[in-house]
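All ligand and atom numbering here is 1-based and tracks the order in the structure.
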Amino acid sequence: MPILVTGATGQIGTILTRSLREIYGTDQVIASDIRRPINATGPFVMLDILNVQRIYEIVEDHNITEIYHLAAILSANGEWNPEKTWNINLNGLLSILELARVKKIKKVFFPSTIAVFGKTTPRKPTGQDVPILPETVYGMSKAAGEMWCHYYHQRYGLDVRCLRYPGIIGHDSDAGGGTTDYAVEIFHEALSQGAYTCFLAENTRLPMMYMDDAMRATIELMQRPSKEIKLRHGYNVAGFSMSPGDLAAEITKHIPHFEIKYKPDFRQAIAESWSEEIDDQQAQEDWGWKAKFDLELMTADMIEKLSFEL
Ligand code: SER
């Protein structure tokens with residue numbers, strides 16, 4: 001069952017590739033990206049997601065039967081070049097979906113996000129089927145992507161599965177170009193400098209999830225029988241909600257001299273247009289999703305793992 005992971009050197013891709021290799025075997029998981037991994041854990045191929053011919057070659061050469069399509073530009077970086085972001089995020093997905101149809105790929109995973117929500121969306125809690133009017137090109141591309149996934153399932157029977165990830169926090173890979181990146185950076189700075197200047201305001205609450213839970217959500221969703229997966233656009237999945245102030249207070253329990261300053265930049269407006277709290281009842285009902293990590297457990301684990309690594 002060779003699996004292809006695109007965007008495999010990103011924050012989620014790095015860990016997902018490793019998790020899939022632990023389950024299915026190192027050689028069964030082909031990692032791909034435009035950047036080489038710093039520490040490769042198995043087979044890797046260079047892939048620019050806009051090079052459609054190359055995607056076909058890789059899929060044929062490795063007899064790929066499943067694709068986890070993670071390659072994308074995130075919310076904050078996306079705003080510097082909207083057209084490029086749309087091209088990579090949406091046209092990249094369309095190439096994968098069309099290839100999956102033509103090549104009869106058995107399963108496709110597409111990560112969506114809380115960035116699909118906008119100012120017209122109820123924020124607290126945010127239900128599954130709510131009005132969406134995203135404020136960023138990243139959110140627009142993921143909202144459109146969700147609809148394309150739904151369409152390919154309805155029209156062609158493609159087995160495509162999709163989660164709306166909250167901000168993801170992990171110790172083993174760097175976040176890059178997102179609005180929730182502060183929640184990873186803060187740990188590195190707290191441990192190395194004892195201080196952090198946050199680009200979001202103190203009380204900006206956002207939905208977050210620990211990497212372990214994000215991996216489990218992804219793998220559990222992908223392993224369930226197809227008939228249980230009733231939604232083919234993005235399932236809401238909740239971890240916990242927190243503000244930078246909540247996180248700083250929790251970190252201070254472990255590092256008493258930790259100091260935080262707030263200097264909100266353009267990412268503040270992006271964060272304010274998103275959800276505060278996710279209602280994931282449908283994921284719970286359809287495929288039994290339940291997060292394990294809350295703010296306290298996540299913080300303790302991050303500090304323990306990063307202290308060990310430093
Ligand atoms: N973590 C992402 C971002 O901040 C949201 O999906 O862009």
Side-chain angles (χ1 to χ4, degrees), residues 6-7 9-16 68-82 84-86 88-90 92-93 109-119 121 123 126 130 132-146 149 162-187 198-201 204-211 213-215 217-218 233-244 247 264-278 280 291 293 298 302:
T6 73
T9 46
Q11 185 202 9
I12 298 175
T14 303
I15 312 302
L16 184 62
Y68 291 71
H69 174 52
L70 305 187
I73 298 180
L74 290 186
S75 60
N77 274 1
E79 294 305 288
W80 300 117
N81 195 337
K84 180 178 169 196
T85 303
W86 178 260
I88 288 176
N89 292 8
L90 206 267
L93 171 67
F109 175 76
F110 174 64
S112 186
T113 162
I114 52 168
V116 296
F117 304 128
K119 288 183 183 146
T121 308
R123 305 189 69 211
T126 301
V130 287
I132 53 173
L133 190 57
E135 298 273 314
T136 59
V137 66
Y138 168 72
M140 281 159 55
S141 68
K142 290 289 184 174
E146 284 194 14
C149 290
C162 177
L163 293 177
R164 288 175 180 155
Y165 286 134
I168 306 293
I169 305 171
H171 54 85
D172 241 1
S173 55
D174 291 334
T179 301
T180 56
D181 292 12
Y182 87 84
V184 177
E185 291 168 9
I186 193 171
F187 284 99
C198 185
F199 58 75
L200 294 185
T204 314
R205 277 181 93 229
L206 287 172
M208 298 279 178
M209 185 179 277
Y210 198 35
M211 185 67 83
D213 274 336
M215 291 303 99
T218 309
H233 60 296
Y235 271 105
N236 277 6
V237 279
F240 52 90
S241 289
M242 66 171 201
S243 66
L247 179 54
D265 65 15
F266 73 102
R267 289 169 278 194
Q268 181 64 28
I270 298 179
E272 281 173 18
S273 74
W274 292 353
S275 162
E276 261 190 61
E277 249 176 61
I278 296 294
D280 64 0
F293 284 83
M298 176 280 293
M302 281 292 282

K.L.:
Under the side-chain contact (heavy atoms from CB on, under 4.5 Å) test, which residues partner Cys162, sequence neighbours left out?
P.N.:
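By the side-chain contact (heavy atoms from CB on, under 4.5 Å) rule, Cys162 matches Phe110, Ser112, Glu146.
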
K.L.:
Is there a donor-acceptor contact under 3.5 Å from the side chain of Thr136 to the main chain of Ser75?
P.N.:
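Not a single qualifying donor-acceptor pair exists.
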
K.L.:
Using a 4.0 Å cut-off on heavy atoms, what residues surround ligand 1? Order them by chain and number.
P.N.:
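Its neighbours under 4.0 Å (heavy atoms only) are Leu74, Ser75, Thr113, Tyr138, Gly178, Thr179, Thr180, Trp274, given by chain and number.
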
K.L.:
Identify, with sequence neighbours excluded, every residue that meets salt bridge (charged side-chain N to carboxylate O under 4.0 Å, His left out) alongside Asp181.
P.N.:
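Salt bridge (charged side-chain N to carboxylate O under 4.0 Å, His left out) check on Asp181 returns nothing, list empty.
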
K.L.:
Any salt bridge between Lys119 and Glu135, counting N to O under 4.0 Å?
P.N.:
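Yes, Lys119 and Glu135 are salt-bridged.
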
K.L.:
State which residues pass side chain to side chain donor-acceptor pair (under 3.5 Å) with Thr85; sequence neighbours excluded, sorted by chain then number.
P.N.:
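By the side chain to side chain donor-acceptor pair (under 3.5 Å) rule, Thr85 matches no residue at all.
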
K.L.:
Nearest heavy-atom pair of Ile114 and Gly167: which atoms, and what distance?
P.N.:
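Closest heavy-atom pair between Ile114 and Gly167: CD1-N, 4.2 Å.
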
